[in-house]
Number of protein chains: 4
Amino acid sequence: MSRPDVSAQRTAEILAAATETFARLGLGTARMEDVAAAAGVSKGTLYLYFKSKDALVAALLQALFAPLTEALTLLDGAGTAEDRLTRYISATLALLEGLQSRISLVFDAFALAPRNEAVRQLMADHLHAYHAALVRTLEHGVASGEFRPVDTAQVAALLMALFDGLLQMAAVDPEAAALRTRGRGALRFVLDAIRRPPGRSA
Amino acid sequence: MSRPDVSAQRTAEILAAATETFARLGLGTARMEDVAAAAGVSKGTLYLYFKSKDALVAALLQALFAPLTEALTLLDGAGTAEDRLTRYISATLALLEGLQSRISLVFDAFALAPRNEAVRQLMADHLHAYHAALVRTLEHGVASGEFRPVDTAQVAALLMALFDGLLQMAAVDPEAAALRTRGRGALRFVLDAIRRPPGRSA
Amino acid sequence: MSRPDVSAQRTAEILAAATETFARLGLGTARMEDVAAAAGVSKGTLYLYFKSKDALVAALLQALFAPLTEALTLLDGAGTAEDRLTRYISATLALLEGLQSRISLVFDAFALAPRNEAVRQLMADHLHAYHAALVRTLEHGVASGEFRPVDTAQVAALLMALFDGLLQMAAVDPEAAALRTRGRGALRFVLDAIRRPPGRSA
Amino acid sequence: MSRPDVSAQRTAEILAAATETFARLGLGTARMEDVAAAAGVSKGTLYLYFKSKDALVAALLQALFAPLTEALTLLDGAGTAEDRLTRYISATLALLEGLQSRISLVFDAFALAPRNEAVRQLMADHLHAYHAALVRTLEHGVASGEFRPVDTAQVAALLMALFDGLLQMAAVDPEAAALRTRGRGALRFVLDAIRRPPGRSA
DNA sequence: GATGAATGAGGCTTCATTCAT
DNA sequence: AATGAATGAAGCCTCATTCAT
């Protein structure tokens, strides 16, 4: 009945400010001072909640990826495989659009991954969970007769690559973005390619 | 017939050393001293050839992307559209595998792009040239009857995203990579999807 | 009633240390490290109080000239023109003797002036105020009949040049200095030359 | 009958270029590279003619002061003391106006003097020779009855200070310069003050 | 003599982190 | 818990000087 949430809330505030600041200035460029200013606290306070800049970055990236990982549950929901994929992709595209300004953090994370084990692990875990969920869904579709008997691992990887790539392109060339449109088009393309032709069974 | 190549060669040596060093340590982490040591010259010499660390990074990224841009000419060569795409993708996958250890530089570049106009421009230019060449090739294929009348801009974007995404995933999870295998599989998948069914006209 | 003086005091300490250090080693030769050591703080602390070495130098020169400019008020005090001039020169000579060891800073400032607009402005402002005050005093003396109807602007410039020159010579050749003696002698010489001969009006 | 003058000429060229360059950029700011470029030779060549930057500066200042010292012979020429003083001051003012753009070097030299024994010696020597010549001339004037029996050492110092001061003021505030006009006015002022009143002997 | 590429010591400045209050 | 002044290691860059050609 004490208030552990007081500091929990402060932690969240700092994390939010750090996310905004690091996204705007870059992981390497943003200074702890900048984060402190954005959070409305002093530099010293940052160190009461996070051991170091690295720890703050790690926590921040974890928080950034959490909703994306959580959205994977949509792939194990009810409905046809196609429904699930569509639902998941819609939700994810919405999440990504919500990330908007924070998108550059994702690239900072990718750049960091090969040289920071914690970050690499974090991202690898996400990608594995992502891949596994896609494979399960695709196999469900194949088993149910929705999809042709494709190489599910291969198609899963292809779908992941597709969306990562779209995200990346959107970041470099935001005008040509239309991330949501492109994303849906890409899914449709893949579904068209793996869907079992309708009148085929006749 | 004098020796303008003296500097040219030294420039190339420094660029090579810088590439290796920045790839290994990261654009932000590597120090000019590290580059100098790798190049076997003194710190001061670096500044004889490049005005600043930023200039060195810019030159290095330009050099990194040049062969990738150059490979685009394969898309405008002879043969069917499918041949050209296959040839180009093979060449590019080979290039990327050759990049191997330097691949993290690409991600550093992506992370830098939103905050460094020179880098953003460099990458945007490459992506535009890439997209235009793909569109040309796909339209050729559609005109010749190889491909179904697909939305070429959309498919081109999809192909680009696909390969960028594969590259990205390969970096985070190098073991599951098999970049070349995955890449060819992805191309085959797309080609299968857009190829005009053989006996269809009958 | 908080402690805005904490920084104010530290600022003053640093300024004092910088003055001593720059005077001893020269504006160009002294390192920020030297100043820090003299102030008993770390290098980083210097930058908490002054944006750069240049800013520190500018602040220091401003502080150096302030008392000299302030002494000009003596020229507008009570008494005959001759009293005022004598009083002012005495006070200024005392100030300059107090500057003693810091005198080389004045020459550094003169050397800097043509190439540093802030410094040039600072000194030009002082010289203009100086000249104007002298002219006012001389004109008062002419109006009151103390002085012959001389060209006051010219005599003012001459007085200024005289004292600047004495200062300069004292710096190069400190032994022959006797700045105070020479200074008083110079003033007497000028006063003798412009004073209206006593019984002349008879 | 060889050509020792070849290198003598080259030495002079370098000295001229150095003078212009150091005057323009400042003794501390100008780089050996700048001097080399101005002289139209390579950096290495500079070191064939001068052992170091310091040596170059010393030679340059010596050359700068030489004509001023030489002009002192005019004080020992023919004519009345007043003639000689007038002639000398005219010649010197012309020299100084010729120095124009190089005038800031004089202040660099004054700033350097307290911390560079060679420079201090050079300037002290000049000032002593200057003072001695003035004293001689004034004493000649007193002896001949041109001047009142003034304290010649004191008046000599006063004259020197006067002209040094005028020079200094001209540098800080070039617009109010009119160095030549002010200089002549100053001399006239002093002569008027020490000249024996014409009909006085009667 | 002349060159200019190469050197490396050294200066200015930044910033993650600490700690006394 | 919170602060923010203080620290000092470390990075980028400059430039006087050297030396092989």
Side-chain angles (χ1 to χ4, degrees), chain A residues 3 6-7 10 14 28-37 39-57, chain B residues 2-3 6-7 9-11 14 28-37 39-56, chain C residues 2-3 6-7 9-11 14 28-37 39-56, chain D residues 3 6-7 10 14 28-37 39-57:
Chain A
R3 278 172 276 139
V6 165
S7 66
R10 181 53 60 96
I14 290 176
T29 306
R31 301 169 303 141
M32 289 300 266
E33 174 96 37
D34 297 324
V35 174
V41 300
S42 75
K43 241 184 310 178
T45 300
L46 256 34
Y47 286 86
L48 293 176
Y49 291 87
F50 297 93
K51 186 197 185 72
S52 67
K53 186 178 181 182
D54 272 2
L56 178 52
V57 167
Chain B
S2 58
R3 281 171 277 134
V6 164
S7 333
Q9 180 179 329
R10 184 48 63 94
T11 300
I14 290 176
T29 305
R31 302 170 301 138
M32 289 300 266
E33 174 102 39
D34 296 326
V35 174
V41 300
S42 74
K43 238 184 313 175
T45 299
L46 257 33
Y47 289 88
L48 253 29
Y49 293 87
F50 296 94
K51 189 196 185 76
S52 66
K53 184 178 181 181
D54 271 4
L56 176 53
Chain C
S2 56
R3 282 171 277 134
V6 164
S7 331
Q9 180 180 328
R10 184 49 62 95
T11 300
I14 290 175
T29 306
R31 301 169 301 138
M32 288 301 266
E33 174 103 39
D34 296 326
V35 174
V41 300
S42 75
K43 242 183 311 175
T45 299
L46 256 35
Y47 288 87
L48 252 31
Y49 293 86
F50 297 93
K51 191 197 185 75
S52 65
K53 186 178 180 180
D54 271 4
L56 177 52
Chain D
R3 275 174 275 139
V6 166
S7 66
R10 180 54 61 97
I14 290 176
T29 305
R31 302 170 300 141
M32 289 300 265
E33 174 95 38
D34 297 324
V35 174
V41 300
S42 76
K43 240 184 310 177
T45 299
L46 255 35
Y47 286 86
L48 293 176
Y49 291 87
F50 296 93
K51 185 197 184 72
S52 66
K53 187 179 180 180
D54 272 2
L56 178 52
V57 166

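Values in this document were obtained by computation on a predicted structure and should not be read as measured data. Below, all heavy atoms of this structure are taken into account, side chains as well, without hydrogens, waters or symmetry copies.
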note: D/Leu46, atom CG; E/dA5, atom P; distance rounded to Å ~ 16 Å
CZ-NZ distance between D/Arg31 and D/Lys43, expressed to the nearest 0.5 angstrom: 8.0 Å
Once base and sugar-phosphate atoms are separated, protein heavy atoms under 4.0 Å mark nucleotides 10-16 of chain E, 5' to 3', with B, S and - as BSSBBSS
Stems of at least 3 consecutive Watson-Crick or G-U wobble pairs (donor-acceptor distances under 3.5 Å) involving DNA chain E, listed by first number, are E:2-21 with F:2-21
Sorted by chain and residue number, the side chain to side chain contact (heavy atoms under 4.5 Å, CB included) partners of B/Ala55 (sequence neighbours excluded) come out as B/Lys51, B/Ser52
Whole Å only: how far is the CZ atom of C/Arg10 from the P atom of F/dG4? 17 Å
With sequence neighbours excluded, tell me which residues meet side chain to side chain donor-acceptor pair (under 3.5 Å) with B/Thr29. none
List the residues meeting side chain to side chain donor-acceptor pair (under 3.5 Å) with B/Lys53, not counting sequence neighbours, and say none if there are none. none
Quick one: side chain to side chain contact (heavy atoms under 4.5 Å, CB included) partners of A/Ser42, sequence neighbours excluded? A/Thr45
Please report the distance, rounded to the nearest Å, between OH in B/Tyr49 and C1' in E/dT7. 13 Å
For B/Glu33, the side chain to side chain donor-acceptor pair (under 3.5 Å) test, sequence neighbours excluded, returns none
My understanding is that only residues two or more places apart in sequence, or in another chain, count here; which of them pass side chain to side chain contact (heavy atoms under 4.5 Å, CB included) with D/Phe50? D/Thr11, D/Ile14, D/Leu15, D/Leu56, D/Ala59
Can you find a pair of side-chain heavy atoms, one from C/Arg10 and one from C/Leu48, that are under 4.5 Å apart? no
